[in-house]
Amino acid sequence: MNWNSKAHGRNHHEVELPHGKLHVFANPEIFGSFEAKVYEMADNNLRIPRNKYMGYTPDAHVGVGTCIGTTAVWNMRDGMVSPSIVGVDIGCGMRVHTTPLHKSDLQDKAVRRKLIETIEKYVPTNERVNSNYADIDIMEVVRGGLEGLPDKYIPSKQWITHVEQSNFRYDHAALEQLPPKIRKNAHGQLGTLGSGNHFCELQYLEIAEEQKELAARWGLVDGGVVVMIHSGSRAWGAMVGREHTKVIKEAMHQWGVSNPDPNLNYAPIHSREGETYLNLMYSALNFAVSNRHMIAFGVQEAFRELYGPEFEMPVLYDLMHNYALKEFHRNEPMLVHRKGATRALPPGHFLNTAVYKETGHPALIPGSMGTASYIMVGRDEGLKNFYSICHGAGRLRSRRATRLAVTVDEFSQSLKVGTEEEIVVNHRSLETILDECPQAYKDVDQIIDSITGAKLADVVAKCKPMAVIKGI
DNA sequence: ATGTGC
């Protein structure tokens, strides 16, 4: 496959593919590292009828059917919805809480170790053991999002208002389309991390002088300790995705519609199959935001055990990077798919949640284990990518390839194990999570440079890891 | 990603 590309400055490339145009936001170094396969995948996506926009953020890499790092847009009136462009972990996203602690409070390695052990009591990392919140009815949660949680799990009103969306409303009749075992599989999973790249980290903030005013408005101070959480919709979203992908595949077959990639599925938004998928996707978004809420609740319980019952952990923000949302852009209602792409709305934009209307909302970008994460804010120029920025460093090599290329010793050194600055990890053996080592990911600083260079967003704070909890 | 695989 051949393609030409036209550059707008250093960090925005318009790539002409056989079936349409792909916008790539990446600095020259990252742009040069993209392999042919990511363009093939984009071209397959561009074959889907009436696509309005297709964009890659610099963390783009090969995924199932569609690259992770994709923003793909259709008009709500005559467009398509694609489970493959939402991704398998529906509603996967990020959450950050501030704490009254300063990095000096965690200077002693033993304190970090104790914190991890205590958090693990309240946030189970072994997925088969969790009965912490057996009193929560998950059907209430998938129907009502945070409004489906019992009051005793809402520490303050602030935990409801400081999220991208607390309750996705949809036609609950669609839930009847799901296999009954979904309830059994997802029951008891609220408040659990899951595995893979999901984590809970204690980090400290580094804030540049010129961002201190905005950071202060958000409750962020230089040297302050924050809790960052990355998780999704667990078995609920996985089953919604898997089951409904089958349904849409079957419908495509009946309609006589096909794509060179059998893993790329889609349906008209207004078909019965498309509507059902969107409804069920919203149920998974409700599960995901509630799951991260309950993980944070557990972390706060741990802090309260150690520091007393008055310990407060206000929410900075909770937002997702795997979903399709109805958004109004360029005077038209659009369905914006983000697969491993983070919304970063600028100050004053009407789509902002109320509490962040004026400043724009925090866009939460995780690094890989042992490297920095970032809190950013969108710019007006972000409209060119439908206000999507990266969702993290982006994988550089597969899990399998990572295990062959990197040793446990190298991983251990990148976490400064054995020194006083050690990034303390809950796992006794790093072998278990070797495929999550920083060497498996692109250099997050290059990714962030691409985003700021393309003027999609600015960095507000850099978050340096001090302690990490990973699932198994 | 996932109580997992045509």
Side-chain angles (χ1 to χ4, degrees), chain A residues 59-70 82-95 124-134 138 142 178-200 229-250 252-253 258 261-265 277 280-281 283-292 295 320-324 337-342 366 368-369 391-395 397-400 402 432-433 435-436 440-441 469-472:
Chain A
D59 49 333
H61 61 279
V62 170
V64 177
T66 298
C67 285
I68 291 114
T70 293
S82 167
S84 322
I85 323 183
V86 168
V88 279
D89 190 3
I90 302 170
C92 183
M94 303 302 303
R95 186 177 182 96
T125 48
N126 182 343
E127 60 188 30
R128 286 168 201 269
V129 181
N130 175 45
S131 52
N132 283 357
Y133 308 113
I138 62 163
V142 297
L178 290 168
K181 69 171 178 180
I182 192 170
R183 298 185 191 204
K184 190 170 134 282
N185 290 352
H187 178 75
Q189 288 197 323
L190 269 187
T192 64
L193 271 179
S195 58
N197 58 9
H198 292 168
F199 67 78
C200 170
I229 292 161
H230 179 201
S231 189
S233 53
R234 309 291 276 103
W236 185 276
M239 283 198 83
V240 164
R242 190 173 57 246
E243 293 300 317
H244 218 71
T245 291
K246 279 192 236 164
V247 170
I248 291 196
K249 245 182 189 171
E250 176 58 28
M252 285 174 75
H253 182 70
S258 68
D261 185 344
N263 287 317
L264 182 50
N265 311 294
Y277 174 73
L280 295 176
M281 185 200 68
S283 78
L285 300 186
N286 281 338
F287 192 101
V289 65
S290 305
N291 185 37
R292 286 186 297 273
I295 291 168
M320 322 219 207
H321 47 234
N322 283 1
Y323 58 27
H337 296 68
R338 296 192 178 88
K339 181 180 188 178
T342 309
S368 55
M369 239 184 108
H391 86 305
R395 204 162 254 288
R397 40 174 75 95
S398 69
R399 294 185 185 279
R400 214 179 112 78
T402 302
T432 328
I433 50 170
D435 49 11
E436 281 296 317
Y441 287 88
I469 294 169
K470 298 279 283 183
I472 295 163

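Each chain gets a letter, A, B and so on, in the order the sequences are listed, and its residues count up from 1.
With DNA chain B read from its 5' end, the first of the two nearest nucleotides for A:H198 and A:R242 is the one closest to A:H198.
Rounded to an integer number of Å, the gap from A:L178 CG to B:dG3 P is 16 Å. Rounded to whole Å, atom C1' of B:dT2 lies 14 Å from atom NE2 of A:H230. Rounded to whole angstrom, the span from the NE2 atom of A:H253 across to the P atom of B:dC6 amounts to 18 Å. The nearest whole Å value for the distance from the CE atom in A:M239 to the C1' atom in B:dG3 is 9 Å. Following rounding to the nearest Å, A:R399 (CZ) and B:dT4 (C1') show an atom-to-atom distance of 14 Å. Atom NE2 of A:H187 is separated from atom P of B:dT2 by 18 Å (rounded to the nearest Å). The distance between atom CD of A:Q189 and atom P of B:dG3, rounded to the nearest whole Å, is 5 Å. Distance NZ (A:K181) to C1' (B:dT4): 10 Å, rounded to an integer number of Å.
A donor-acceptor pair is defined here as one N or O able to donate and one able to accept, closer than 3.5 Å; no such pair exists between the side chain of A:S231 and the backbone of A:R292.
Considering only residues two or more places apart in sequence or on other chains, A:S290 meets the side chain to side chain donor-acceptor pair (under 3.5 Å) condition with none of them. Partners of A:F199 by ring-ring contact (aromatic ring centres under 6.0 Å, His included), not counting sequence neighbours, listed by chain and number: A:H230.
Residue contacts shown for A:G232 are absent, as no nucleic acid heavy atom lies under 4.0 Å away. Nucleic acid contact for A:R183: none, since no nucleic acid atom lies under 4.0 Å from a heavy atom of the residue.
Exactly one of A:K339, A:H321, A:R234, A:H198 qualifies for a side-chain hydrogen bond (donor to acceptor under 3.5 Å, both in side chains) with A:D89. That residue is A:H198.
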